[in-house]
There are 2 protein chains.
Amino acid sequence: MPKIGMEPVRRKALVDAALRVIGDQGTLSVTMSDIARTAGVSPALAHHYFGSKEQLLIATIRSLLAQLRDDAVAALQAAATPRERLSALIRVSFRAEQFAPETIAAWLAFYSEAQRSEDVRRLLVIYARRLRSNLLASLRLLCAFDDAERIAEGAAAMIDGLYIRQSLRSAPISIEASIALTEDYVNAHLRATDGGSSPSP
Amino acid sequence: MPKIGMEPVRRKALVDAALRVIGDQGTLSVTMSDIARTAGVSPALAHHYFGSKEQLLIATIRSLLAQLRDDAVAALQAAATPRERLSALIRVSFRAEQFAPETIAAWLAFYSEAQRSEDVRRLLVIYARRLRSNLLASLRLLCAFDDAERIAEGAAAMIDGLYIRQSLRSAPISIEASIALTEDYVNAHLRATDGGSSPSP
DNA sequence: TATTTTTGATTGACTCATCAATCAACAAAA
DNA sequence: TTTTGTTGATTGATGAGTCAATCAAAAATA
């Protein structure tokens with residue numbers, strides 16, 4: 001069995017397994033054994049490649065973040081106008097995989113961990129900043145500077161809030177309804193702050 | 001030392017200690033010893049009164065919820081018009097204690113736990129439902145039925161979202177700014193859905 | 001080509017620490 | 001003396017991290 005060049009393969013398998021196990025159990029208190037078993041290797045190997053559970057978790061978050069970034073980049077490239085880019089960002093946030101119960105459970109677990117681990121916190125801050133600045137870039141072309149800041153802040157909060165509410169699975173909101181709520185928010189404010197399409201000078 | 005009638009005193013001390021320790025450490029993976037020490041008793045006593053860690057945690061969430069409910073009731077009673085009641089609900093959600101980092105960290109930990117414990121989940125659903133129905137009761141008097149549903153959903157999401165974003169402590173938003181964002185949302189939509197003050201028939 | 005050496009991949013078995021839960025015992029009030 | 005409050009000591013389980021040993025492919029050598 002021992003073929004050369006296994007390292008990247010195992011690393012990926014372990015990261016994917018970690019995400020799955022964490023999503024299923026809804027907590028970071030999963031054992032290295034669980035993760036390793038899901039990845040089809042021994043617990044010792046997980047330690048061999050990642051050194052510690054913490055490092056494996058961090059790699060897992062990085063992987064989630066990278067996927068989210070790639071999705072956003074792709075969606076933005078396919079959009080032509082600022083308004084379309086705005087909608088693309090909203091749509092990406094509610095992608096089916098991202099909005100799946102296990103993914104949301106994993107995100108929640110990471111947010112909770114961020115209270116303790118500075119490394120985890122820093123990674124989540126990157127996500128928050130990126131979402132905000134992406135929204136801002138489009139909004140600045142659609143309304144006054146100050147309004148753009150406020151709307152971006154509000155839209156980001158609404159997106160995150162829809163996620164957390166989804167995690168309780170009582171009266172779950174559909175993906176389309178979530179997108180509609182966020183779009184409505186943006187529309188109402190773009191309309192309220194000026195005629196509808198005159199960007200700041 | 002053993003004075004009679006200690007049970008309620010100890011229970012409260014343990015629940016309060018649990019909330020504090022959980023908030024400080026940002027996780028439910030705190031030890032019974034930590035909690036007991038903070039409450040000034042032995043770990044064995046915590047088990048004596050609560051039977052298990054799970055039960056103590058549940059009592060802790062109940063206590064948080066009860067306080068939130070009492071705050072809401074008080075705020076609602078002090079408000080006269082539907083519009084005032086709406087603002088009162090928003091203001092209560094962002095109470096200083098509720099918005100404190102430790103409280104938010106505790107909430108986050110509970111949400112995460114809800115993925116595993118059906119009991120915890122049920123309690124959090126109660127909170128979500130209560131917030132929604134409180135908002136709805138006021139909104140129904142201010143706009144059409146369908147609009148009320150959507151605005152309530154959106155406002156609740158925004159409130160929860162502002163909480164979760166606060167937990168990262170990057171670019172923290174002030175209490176007043178959070179209230180303003182939520183008020184703006186409600187105002188914009190009340191304005192958009194009809195002239196401004198004609199309730200549904 | 002055949003043989004030896006090196007090296008990466010992999011694991012079972014073990015250590016060490018932590019923690020929830022239990023229990024027997026004791027102290028003071030009633 | 002019965003009841004209530006309280007604890008120290010102990011147990012049993014669990015889980016992260018370590019380590020020495022094994023295995024097979026690749027590289028070097030003859």
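The analysis underlying the following values was restricted to heavy atoms, covering all of them including side chains, and did not include hydrogens, waters or symmetry mates. To find a chain, count down the sequence lines: A is the first, B the second, and so on, and within it residues start at 1.
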Trainee: Please tell me which of the listed nucleotides, dA20(C), dA9(C), dT18(D), lies nearest to the side chain of Lys53(B)?
Mentor: dA20(C)
Trainee: Leu45(B) side chain: which of dT7(D), dA9(C), dA16(D) is closest?
Mentor: dT7(D)
Trainee: Give a yes or no on whether a salt bridge exists between Arg91(A) and Glu183(A), defined as a side-chain N under 4.0 angstrom from a carboxylate O.
Mentor: no
Trainee: Whole angstrom is fine here: how far is it from NE2 in His48(A) over to P in dA21(D)?
Mentor: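 Spelled out: NE2 on His48(A) to P on dA21(D) is 17 Å.
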Trainee: Rounded to whole angstrom units, what separation is found between the CE atom of Met6(B) and the C1' atom of dT6(D)?
Mentor: 10 Å
Trainee: Indicate yes or no: at least one non-hydrogen side-chain atom of Glu149(A) is less than 4.5 angstrom from one of Arg132(A).
Mentor: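 Counting from C-beta outward, Glu149(A) and Arg132(A) do come under 4.5 Å.
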Trainee: Under 3.5 Å, side-chain donor or acceptor atoms of residues 154-164 of chain B against the rest of the protein: list the pairs with distances, not counting sequence neighbours.
Mentor:
| from | atom 1 | to | atom 2 | distance (Å) |
| --- | --- | --- | --- | --- |
| Asp160(B) | OD1 | Tyr127(B) | OH | 3.1 |
| Asp160(B) | OD2 | Arg165(A) | NE | 3.0 |
| Tyr163(B) | OH | Ser93(B) | O | 2.2 |

Trainee: Below the 4.0 Å mark, does dT4(D) have OP1 or OP2 next to a side-chain nitrogen or oxygen of Arg10(B)?
Mentor: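 No.
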Trainee: Is Glu7(A) paired with Arg10(A) through a side-chain N to carboxylate O contact shorter than 4.0 Å?
Mentor: no
Trainee: Between CZ of Arg121(A) and CD1 of Ile126(A), what distance do you get to the nearest 0.5 Å?
Mentor: 11.0 Å
Trainee: Which residues in residues 11-44 of chain A have a heavy atom closer than 4.0 Å to any atom of DNA chain C?
Mentor: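 Output list: Val41(A), Ser42(A), Ala44(A).
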Trainee: Take atom CD of Glu7(B) and atom P of dT4(D), then tell me their distance rounded to the nearest Å.
Mentor: 10 Å
Trainee: Salt bridge or not for Asp16(A) and Lys12(A), using N-O below 4.0 Å?
Mentor: yes
Trainee: For His47(A) and dC19(D), what is the distance between atoms NE2 and C1' respectively, to the nearest whole Å?
Mentor: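 Going from His47(A) (NE2) to dC19(D) (C1'), I get 13 Å.
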Trainee: Scan Tyr49(A) against the nucleic acid and name what it touches under 4.0 Å (heavy atoms): base, sugar-phosphate only, or nothing.
Mentor: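 If one applies the 4.0 Å heavy-atom cut-off, Tyr49(A) turns out to touch the sugar-phosphate alone, with no base involved.
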Trainee: Whole-Å distance between dA16(D) P and Leu56(A) CG?
Mentor: 11 Å
